[in-house]
Q: 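My questions will all concern the structure given below.
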Amino acid sequence: LEAPAAVTLIEREDIQASGATTIPELLATVPGMDVMQLTAGQADVSARGFNRRLSNKLLVLVDGRSVYLDSVGTTLWATLPVTMDEIERIEVIRGPGSAIYGADAFAGVVNIITRDAVDDLELNFNVTQPFEEGGEQYSASAAWGFELGDNADFTLSAEYLSLIHI
């Protein structure tokens with residue numbers, strides 16, 4: 001990939017090898033990205049040092065559509081309608097090259113590209129290591145893709161996450 005901007009591509013193989021259970025956890029591995037874990041279920045992500053509570057300077061897209069919530073003025077990562085297993089790749093643009101996307105992309109752009117619906121037929125169950133302070137995290141996800149004729153397909157997915165803090 002040749003681009004006049006700071007671009008990072010995270011491919012499906014990299015996502016699986018990373019062991020990350022959330023998108024912010026995965027984005028923390030990208031140079032120049034700032035991830036601030038506010039609570040067990042809430043993270044704020046930004047680029048170029050602009051991170052703060054309810055950060056609003058990073059444009060987040062899922063398949064090219066904005067997932068920015070106007071009511072709170074940010075992207076709530078825990079509510080994104082995509083599981084880690086559905087992601088084909090993530091494109092991250094940092095710096096002024098992201099300005100072509102508009103005012104919401106001041107610090108950068110994160111574009112999450114999902115897999116084709118007909119590729120999704122999985123059931124996953126993961127149990128992670130205990131937290132340093134004590135406790136455990138359990139998660140389960142399922143995705144099922146359907147093809148409706150030649151021009152339509154869709155994916156039905158669900159995810160369960162349980163954080164037990166001792």
Side-chain angles (χ1 to χ4, degrees), residues 1-35 41-48 50-51 54-124 126 139-161:
L1 176 70
E2 293 184 27
V7 177
T8 301
L9 288 177
I10 306 171
E11 299 288 339
R12 181 161 176 74
E13 296 79 24
D14 300 328
I15 295 169
Q16 291 173 333
S18 72
T21 57
T22 64
I23 297 170
E25 190 178 328
L26 182 63
L27 291 175
T29 65
V30 175
M33 296 297 289
D34 302 318
V35 178
Q42 180 185 2
D44 279 328
V45 179
S46 190
R48 302 173 50 207
F50 289 108
N51 209 351
L54 298 178
S55 180
N56 63 351
K57 298 190 177 8
L58 182 72
L59 177 63
V60 181
L61 307 169
V62 174
D63 292 328
R65 297 182 185 267
S66 177
V67 290
Y68 182 82
L69 297 173
D70 291 328
S71 58
V72 266
T74 191
T75 299
L76 296 179
W77 293 92
T79 64
L80 289 182
V82 62
T83 64
M84 292 292 285
D85 297 318
E86 292 177 89
I87 299 173
E88 180 66 31
R89 71 179 181 276
I90 298 176
E91 302 166 347
V92 180
I93 303 173
R94 301 172 310 282
S98 63
I100 196 167
Y101 286 91
D104 290 342
F106 183 76
V109 178
V110 174
N111 189 13
I112 301 166
I113 309 294
T114 59
R115 296 169 56 194
D116 288 335
V118 293
D119 293 339
D120 291 335
L121 183 54
E122 298 180 348
L123 178 61
N124 298 305
N126 303 311
S139 65
S141 63
W144 192 15
F146 298 92
E147 187 172 5
L148 300 173
D150 294 334
N151 297 324
D153 55 4
F154 68 94
T155 301
L156 178 64
S157 65
E159 183 174 36
Y160 171 79
L161 176 64

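Scope of the values below: all heavy atoms of this structure, side chains included, with no hydrogens, waters or symmetry mates.
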Q: Drop me the distance from Asp63's CG to Glu86's CD, to the nearest 0.5 angstrom.
A: 9.5 Å
Q: Check whether any side-chain heavy atom of Arg89 lies under 4.5 Å from a side-chain heavy atom of Glu11, and answer yes or no.
A: yes
Q: State, yes or no, whether a side-chain contact exists between Leu26 and Ile15 at a heavy-atom distance under 4.5 Å.
A: yes
Q: Among Val109, Leu27, Leu9, whose side chain to side chain contact (heavy atoms under 4.5 Å, CB included) with Val92 holds?
A: Leu27
Q: Return the minimal non-hydrogen interatomic distance between Thr8 and Arg94, and the atom names on each side.
A: OG1-NH1, 2.7 Å
Q: Please determine whether side-chain contact (heavy atoms from CB on, under 4.5 Å) holds for the pair Glu91 and Leu61, giving the CA-CA distance in whole Å, both sets of side-chain angles, and the decisive distance to 0.1 Å.
A: CA-CA 10 Å; Glu91 302 166 347; Leu61 307 169; over 6 Å; no
Q: If you define the side chain from C-beta out and look only at heavy atoms, does anything of Ile23 sit under 4.5 Å from Ile112?
A: yes
Q: With side chains defined as the heavy atoms from C-beta onward, is the minimum distance between Thr75 and Val45 less than 4.5 Å?
A: no
Q: Rounded to the nearest 0.5 Å, what separates atom CD1 in Ile90 from atom OG1 in Thr114?
A: 11.0 Å
Q: Measuring only between side-chain heavy atoms, which start at C-beta, is Val110 closer than 4.5 Å to Met33?
A: yes
Q: Using every non-hydrogen atom in the two residues, find where Met84 and Thr22 come nearest and quote the distance to one decimal.
A: SD-C, 3.6 Å
